[in-house]
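Values below: every heavy atom of this structure, side chains too, minus hydrogens, waters and symmetry copies. We count ligands from 1, going down the list as the structure has it; atoms in each ligand are counted the same way. Note that the structure is predicted; figures quoted are calculated from it, not measured.
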Amino acid sequence: MLRSLRAQLSLSILLILLVMVTLISAASNWFINREFEEYMIRQENDRSVSIVNDLGHQYNDLTGGWSRDFLHTIGMYSLYDGYILKIYGARGTLLWDAENHDMSLCGQIMGEISDRMKDAKKSGAFVTRTYPISRNGKQAGSVSITYYGPYFFTENDYRFIKTLNGILLAVGLLSAAFAVAAGTLLARRIARPISKTAYIATQISQGNYGIRFESTPNTRELQEMVTAINHLAEALSEQESLRKRLTSDVAHELRTPLSAVSSHLEAMIEGIWEATPERLQSCQEEIKRLASLVADLQRLANIEDGSLKLVKTRVDLHEIALTAVRNLESEGMKKRIALSACGSPAYADADRERIIQVVMNLLSNALRYTPPNGRVEVETFETESESILRVKDTGIGIPEEELPYIFERFYRTDKSRNRKTGGTGIGLTIAKSIVESHGGKITVESTVGEGSRFTVLLPKQR
Ligand code: ADP
């Protein structure tokens, strides 16, 4: 079964955090308790030593006697602290015995201690140890101390360790609760843009190209993904409208000449018009135009879908310009336009045939849109990184507002709408596709009534 990203993330983060919290709590609990136990054991030993020392001070060297009152006080204090003493003199005479003194109090105190230790789930038992009591290097007596070993808690100790354990448990629980909250929140934060992307991608795949991400996440990768999806939607929507427009444009372009030829032929068949050679020729010209339009479209399609492989060699744009000028010289002369090439050699790594096609397209446009007695000039030169070819004319120019569109398919400026110019509106689109497939750029500057300047920039051969 497929689980949602959010559920999986929540579960994973939660599991990691819970394991961490449990481990940290358990480890700190264990270490603190162990340290405390060691402290208690040291404390018990110290206490025994201090009892023996205190007792030693009660021996009088000179008289060889004991201050019995103080022995009693020390014995009682020790008893209340959980240490049951039996004090003997040098010859083993019993000087003071807690059990003799108050049997029931001893029993009560021992009972309390073992209950407390059982309550704290600590194992241990009462042990008796005998220590010699020395005074100035001589043994003055001995004391046997009975206490709960290896350590025991007093009432205060027990309260302290209980509170400490309570605090540790509370911190653990609080951290676990925080882990649950943080895990869920984090998972939601990560998963939300991803599930939104999935939703938007599905919408796009269903043809809803208008959909976009409104909010941008503040994680770099997620933001990149959102931007990419938005771009994808935009590109697809552009492609879609281009495809629709292209179909209607092609239909439009074909319909006009086809209906003209059709009506002319009809008139001739029905005998309304006499089929003179001129009329037949005019029909043939329309058909030729249609054929060249279809050929242009085919060429453009080949370039755009990448099926046309570029055969790149080191070419000199200046040499290409000279060839193109030579090819169009007679046409220029016919229109009384001065056609020339100038500049210096400019080398590029390019497909010669394709670049010739670009230059021919630009030059024939220049000739087509330049009135008689005008000038058309091709200039070539190099910069550090680019080889440049420029076609300048003194023609009709292109209105500024139309400049952004002239490289689009079938686009013709109003002035050239006139079919007499013979253009198909695809020449510049082909030129742009070829230049761009070389990694280059084509730009235009133009002033109505003064002329235009098309610039082709190709990356230089490395
Ligand atoms: P066409 O075959 O109609 O010339 P192009 O794609 O080559 O198609 O050019 C598109 C349009 O750009 C032309 O119809 C024309 O309006 C304009 N144009 C192109 N070159 C020039 C130029 N040198 N001078 C003026 N207008 C131009």
Side-chain angles (χ1 to χ4, degrees), residues 242 245-246 249-250 252-257 285-304 321 324-325 327-328 331-332 334-341 354-379 388-437 440-457:
L242 197 73
R245 216 180 58 217
L246 186 62
D249 282 355
V250 170
H252 175 82
E253 289 298 317
L254 295 178
R255 192 174 46 229
T256 326
E285 263 162 25
E286 276 298 332
I287 287 171
K288 269 190 188 159
R289 224 185 68 77
L290 275 172
S292 93
L293 171 69
V294 171
D296 273 356
L297 275 175
Q298 182 62 54
R299 211 171 301 142
L300 181 62
N302 286 346
I303 299 166
E304 285 188 338
V325 165
N327 286 347
L328 291 169
E331 203 176 313
K334 247 191 266 169
K335 284 196 74 180
R336 278 180 287 126
I337 293 170
L339 182 59
S340 64
R354 303 287 141 218
I355 298 298
I356 288 182
Q357 201 176 340
V358 172
V359 182
M360 290 293 281
N361 283 4
L362 294 179
L363 276 181
S364 35
N365 274 351
L367 289 176
R368 191 178 294 154
Y369 303 111
T370 302
N373 301 322
R375 230 172 339 104
V376 172
E377 192 178 64
V378 199
E379 187 193 0
I388 293 163
L389 180 140
R390 215 165 245 167
V391 175
K392 288 184 278 188
D393 64 49
T394 55
I396 56 172
I398 306 162
E400 201 182 334
E401 65 277 9
E402 305 207 33
L403 282 178
Y405 309 108
I406 60 161
F407 292 103
E408 285 182 11
R409 282 179 191 79
F410 304 124
Y411 192 85
R412 299 189 194 98
T413 62
D414 269 350
K415 283 204 181 106
S416 62
R417 274 266 163 218
N418 185 344
R419 279 186 185 282
K420 267 192 256 158
T421 60
T424 56
I426 299 180
L428 284 181
T429 318
I430 291 181
K432 186 173 182 232
S433 285
I434 293 175
V435 171
E436 285 181 353
S437 69
K441 233 166 63 184
I442 182 163
T443 58
V444 59
E445 294 145 277
S446 187
T447 314
V448 174
E450 281 182 22
S452 313
R453 190 164 84 157
F454 286 82
T455 308
V456 173
L457 300 110

Which atom of N361 lies closest to which atom of G427, heavy atoms considered: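 Smallest heavy-atom distance, with atoms named: ND2-O, 3.0 Å.
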
Atoms of ligand 1, numbered as shown, that sit under 4.0 Å from any heavy atom of [X]:
{"X": "Y411", "answer": "10 (C), 11 (C), 14 (O)"}
{"X": "G427", "answer": "5 (P), 6 (O), 7 (O)"}
{"X": "R368", "answer": "1 (P), 2 (O), 4 (O)"}
{"X": "I426", "answer": "6 (O), 8 (O)"}
{"X": "I406", "answer": "10 (C), 12 (O)"}

Region of D393 that comes within reach of ligand 1 [heavy atoms, distance under 4.0 Å]: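 Contact part for D393 vs ligand 1: side chain (C-beta onward).
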
Which bit of L428 is near ligand 1, meaning a heavy atom under 4.0 Å away: side chain, backbone, both or neither?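 Both of them.
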
Let me confirm one number: the CD1-OG distance from I396 to S446, rounded to the nearest 0.5 Å.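 Rounded to the nearest 0.5 Å, the CD1-OG separation comes out at 8.5 Å.
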
Gap separating the CD atom of Q357 from the CE atom of M360, nearest 0.5 angstrom: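 Spacing of CD (Q357) from CE (M360) equals 9.5 Å.
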
Counting heavy atoms only, name the option from G425, A366, S364 that's nearest to atom 8 (O) of ligand 1.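 When every heavy atom of G425, A366, S364 is considered, G425 comes closest to atom 8 (O) of ligand 1.
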
Expected output: side-chain D393 to main-chain T370 donor-acceptor under 3.5 Å: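 No; zero donor-acceptor contacts below 3.5 Å.
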
Would the distance check show the side chain of T429 and the main-chain N or O of F407 forming a donor-acceptor pair, the cut-off being under 3.5 Å?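 Judged by distance alone, yes, a pair lies under 3.5 Å.
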
For the residue pair Y411 and Y405, does the interplanar ring angle fall in the parallel (under 30°), tilted (30 to 60°) or perpendicular (over 60°) class?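 Y411 and Y405: tilted rings.
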
Below 4.0 Å from any atom of ligand 1, is there a heavy atom belonging to E402?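 Outside the 4.0 Å threshold, so no.
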
Is the closest heavy-atom distance from F407 to ligand 1 below 4.0 Å?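 No heavy atom of F407 comes that close to ligand 1.
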
Donor-acceptor pair between T455 and R390 side chains, under 3.5 angstrom: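 The criterion, which ignores hydrogens and geometry beyond distance, is satisfied for R390 and T455.
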
